[in-house]
Amino acid sequence: MQEINKMKEKYKITIPAHHYESDEIVELADFVGDSYKLAVECTKTDSNYIVFCGVKFMAEGAKILAQEHQKVLSPDLTAGCPMADMIDANQLQQIFQKLNDPNLVPIVYMNSYADIKAFSGNHGGAVCTSSNAAKICKYYQDQGKKIFFAPDYNLGRNTANKLGLTDTEIVKINQDLTFTPNKNAKMYIWDGYCHVHKIFAVEQIKTLRKKYPEINIIVHPESAPKVVAMSDFAGSTQQILQAIQESSTGSIWGIGTEIHFVERLAKQNPDKQIFPLLPSSCYNMTKINEAKLTRTLQAIENGHISQYEVKVDSQYIEPAKAALQKMIEIVEEK
Ligand code: 13P
Ligand code: SF4
C-alpha cells in the first residue's frame, strides 16, 4: 500500500476504480464511482498516468477523453465485457442501412467499444450510462428523433418504459439483424445482455419480501423489466450507493447488482440489513487485483508500459469523444 502510494506521487498517477472492484482495489483508488462518475472525474485530473481499475470499455472511455500528455493503463487488458462484445460497428452499419431512416439516432451505452461510440458520434448521437439513459433518450425524443439503442436490451427497455413508450412503439433488433418491422416504432433496441444482471428474477424478490415485509428492493437497470417493475428503485451503482447511504438506520435492503459491491455496501452500513438478490459476480472486474496493479505501476517505473497501455484507433477518437462529450453536455445541462 505504502509502496503504491509513493509511486503514485512520484510518477503522477491517478487510480480510478469501479464499484464492482474488490475491497483491496477500492482502498488503493483515488476515486470510486459508476461509469459516468469515473469518466467525468478522469477528465478533471492532470496526472501523467491514469491506471484504470475497471473493465476495458471504461478505460477506453478515459483514454478517449484524456489529454494529449496522459497515458491510460489497465492492469489487465483482457478484462472485457461480454455485453460490449455483443455488437460491432459492422452490424451497426448494416442495421442502419436496413432501417434506412434519416430521423434515427444511435444512443450507445457506455458498455461498448470505441468503434460503436464513434459510430454514434458520426451519426449525431450520444453515449449514455445507466445513470442518465432516460435523460439522454428524452433529449432526442423531444427533438422528434427515433432512437436506436445498443447494446443492452434491458437498459433500453427499462428506459423506454420510463419514457412512457408502449409495446407497439418498441422494436427488438436481434443480433442476427432480424426484427419485426413496425411503422409505429419510436425506439429500436439491440438484443444484448449482461450475464451478471440477467439472472435476477421476480421469485428472488418475492422470497425476500415474504421474509422481510418492510424490505426495500433496489436493482441495476440492466436487470429484466419485470424485475425492475417489482423493485422500489432502479439505478446505477452510484445511485444505489447514494440510496443506501441516505437510508435510515435499521432499514432493510435487497440489492440486485454485482456481489462485491453489495458485500461492501453491507460492510459499510452495519446499521442496516443488506441482502443480495443472488450472489452474482462479474469475473472480468475481478481480473483486476492488487498484484496486477502493483506490476502496472512497476512497469511505469521501468518505462515498459506497452503491455498495459490502453490504445484506441485514431480514427475513432474524435467521433467517440464527440458522443461522450454530448452525454456530459446533456447531463450537466451545459
Ligand atoms: P454503472 O455505470 O451503473 O456503474 O454500471 C456499469 C456496469 O457495467 C454495470 O454492469
Ligand atoms: Fe459487463 Fe455486466 Fe460486468 Fe457490467 S457487470 S462490466 S455489463 S459483464
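Counting only heavy atoms from C-beta outward, the side chains of Asp101 and Lys146 approach each other to under 4.5 Å. Contact check for Ile252 versus Phe275: side-chain heavy atoms found under the 4.5 Å cut-off. Val108 has its side chain out of reach of Phe149: every pair of non-hydrogen atoms, C-beta onward, lies at least 4.5 Å apart. Looking at Phe179 and Leu99, their side chains come closer than 4.5 Å, going by heavy atoms from C-beta outward. Under the 4.5 Å side-chain criterion, counting only non-hydrogen atoms from C-beta, Met58 is in contact with Met285. Asp232 is not listed as a side-chain neighbour of Ile218, based on a closest heavy-atom distance of 4.5 Å or more. Looking at heavy atoms from C-beta onward, Ile107 lies out of side-chain contact with Phe148 at the 4.5 angstrom threshold. At a threshold of 4.5 Å between non-hydrogen side-chain atoms, the residues Met187 and Gln141 do not count as touching.
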**OP:** Show your reasoning for whether side-chain contact (heavy atoms from CB on, under 4.5 Å) applies to Leu65 and Gln325.
**Re:** CA-CA 8 Å; Leu65 291 169; Gln325 283 172 337; 4.1 Å; yes
**OP:** Please assess Lys267 against Asp23 for the test side-chain contact (heavy atoms from CB on, under 4.5 Å), listing each intermediate value before the final yes or no.
**Re:** CA-CA 10 Å; Lys267 261 188 264 171; Asp23 291 350; 2.3 Å; yes
Original post:
Which is it for Tyr283 and His195 under the ring pair (Phe, Tyr, Trp, His ring centres under 6.0 Å) test, yes or no, and what are the steps along the way?
Top reply: CA-CA 10 Å; Tyr283 62 87; His195 66 92; 5.4 Å; yes
Subject >> side-chain hydrogen bond (donor to acceptor under 3.5 Å, both in side chains) evaluation trace for Glu301 with Tyr11 >> reply: CA-CA 8 Å; Glu301 189 160 46; Tyr11 298 103; 3.3 Å; yes
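Following chains of ILVMFWY side-chain contacts shorter than 4.5 Å, one cannot reach Ile240 starting from Val196, and the two form parts of different hydrophobic clusters. Residues Leu297 and Phe52 do not share a hydrophobic cluster, clusters being chains of Ile/Leu/Val/Met/Phe/Trp/Tyr side chains in contact below 4.5 Å. Both Leu177 and Leu104 belong to a single network of hydrophobic side chains, linked directly or stepwise wherever heavy atoms of I, L, V, M, F, W or Y lie under 4.5 Å apart. Under the 4.5 Å side-chain contact rule for hydrophobic residues, Val32 and Leu73 do not share a cluster. Met327 and Leu163 fall into different hydrophobic clusters, where Ile, Leu, Val, Met, Phe, Trp and Tyr are joined by side-chain heavy atoms under 4.5 Å apart, directly or via other members.
Not one N or O on the side chain of Glu258 forms a donor-acceptor pair closer than 3.5 Å with the backbone of Glu21. Although no hydrogens or angles enter the test, the distance criterion places a donor-acceptor pair under 3.5 Å between the side chain of Thr207 and the main chain of Glu203. At distances below 3.5 Å, not a single donor-acceptor pair connects side-chain atoms of Gln143 with backbone N or O atoms of Lys145. In this structure a side-chain-to-backbone donor-acceptor pair under 3.5 Å is missing from Glu41 to Leu38. A distance-only check finds a donor-acceptor pair linking the side chain of Lys117 to the backbone of Met110 [under 3.5 Å]. At distances below 3.5 Å, not a single donor-acceptor pair connects side-chain atoms of Asn269 with backbone N or O atoms of Ile274.
Enclosure of atom NZ in Lys98 by more than 12 non-hydrogen atoms of other residues, nucleotides or ligands within 6.0 angstrom is indicated. Within 6.0 Å of the NZ atom in Lys8, the count of heavy atoms belonging to other residues, nucleotides or ligands exceeds 12. Under a cut-off of 6.0 angstrom, the local environment of CD in Gln307 is sparse, with at most 12 non-hydrogen atoms contributed by other residues, nucleotides or ligands. Other residues, nucleotides and ligands contribute only 12 or fewer heavy atoms inside 6.0 Å of the NZ atom of Lys71. Atom CD of Gln67 has more than 12 heavy atoms from other residues, nucleotides or ligands within 6.0 Å.
A donor atom on one side chain and an acceptor atom on the other are not found under 3.5 Å apart for Asp34 and Thr237. Looking at Thr286 and Tyr20, their side chains never bring a donor and an acceptor atom within 3.5 Å of each other. Counted by atom type alone, Gln238 and Gln242 present zero donor-acceptor pairs between their side chains at under 3.5 Å. Using modelled atom types, one finds no donor on one side chain facing an acceptor on the other under 3.5 Å when comparing Lys198 with Tyr153. Side-chain contact, Tyr109 with Glu222: a donor N or O sits under 3.5 Å from an acceptor N or O.
A salt bridge (charged side-chain N to carboxylate O under 4.0 Å, His left out) with Asp76 is found for one member of Lys287, Lys56, Lys292 and no other, namely Lys292. Applying salt bridge (charged side-chain N to carboxylate O under 4.0 Å, His left out) to Arg157 and the options Asp152, Asp191, Asp167 leaves one that passes, Asp167.
Atom CG of Asp30 and atom OG of Ser47 lie 8.0 Å apart (nearest 0.5 Å). The distance from the CG atom of Leu77 to the OG atom of Ser306 is 10.0 Å, given to the nearest 0.5 Å. Separation of atoms OG (Ser236) and CG (Leu241) is listed at 9.0 Å; rounding is to 0.5 Å. To the nearest 0.5 Å, the span separating OG on Ser22 from CD on Glu290 amounts to 8.5 Å. Remark: Lys186 NZ to Asn103 CG distance equals 11.5 Å, nearest 0.5 Å. In this structure, Thr296 OG1 and Tyr308 OH are separated by 5.0 Å, a value rounded to the nearest 0.5 Å.
Here the closest heavy-atom approach between residue Val171 and residue Ala185 is recorded as CG2-CB, 3.6 Å. Ile317 and Ile64 get closest at one heavy-atom pair: O-CG2, 3.7 Å. When all heavy atoms are compared, the tightest approach of Ala201 to Val227 is CA-CG2, 3.7 Å. Scanning all heavy atoms of the two residues, the minimum distance from Val310 to Ala59 falls at CG2-CB, 3.8 Å. Nearest heavy-atom pair across Ile170 and Ala160 is CD1-CB, 3.6 Å. Closest heavy-atom contact between Phe96 and Val105: CZ-C, 4.3 Å.
Between Tyr49 and His69, the ring center distance fails the sub-6.0 Å criterion. In this structure, the ring of His19 has its center less than 6.0 angstrom from the ring center of Phe261.
Remark: Lys63 does not engage Glu60 in a salt bridge, criterion side-chain N to carboxylate O under 4.0 Å. Comment: Glu333 engages Lys135 in a salt bridge, judged by a side-chain N to carboxylate O separation of less than 4.0 angstrom.
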Name every donor-acceptor pair, under 3.5 Å, that has one atom in a side chain of residues 123-130 and the other anywhere in the protein, sequence neighbours excluded.
residue : atom : partner : partner atom : Å
His123  : ND1  : Phe119  : O            : 2.7
Thr129  : OG1  : Ser131  : N            : 3.2
Thr129  : OG1  : Ser131  : OG           : 2.9
Thr129  : OG1  : Asn132  : ND2          : 3.3
Ser130  : OG   : His220  : NE2          : 3.4

Which donor-acceptor pairs under 3.5 Å do side chains of residues 86-94 form with protein atoms, sequence neighbours excluded?
residue : atom : partner : partner atom : Å
Asp88   : OD1  : Asn90   : N            : 3.1
Asp88   : OD1  : Gln91   : N            : 2.9
Gln91   : OE1  : Asp88   : N            : 2.9
Gln91   : NE2  : Gln175  : O            : 3.2

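Ring-plane geometry between Phe57 and Tyr113 is classed as perpendicular, the angle between the planes exceeding 60 degrees on a 0 to 90 degree scale with a lower cut at 30.
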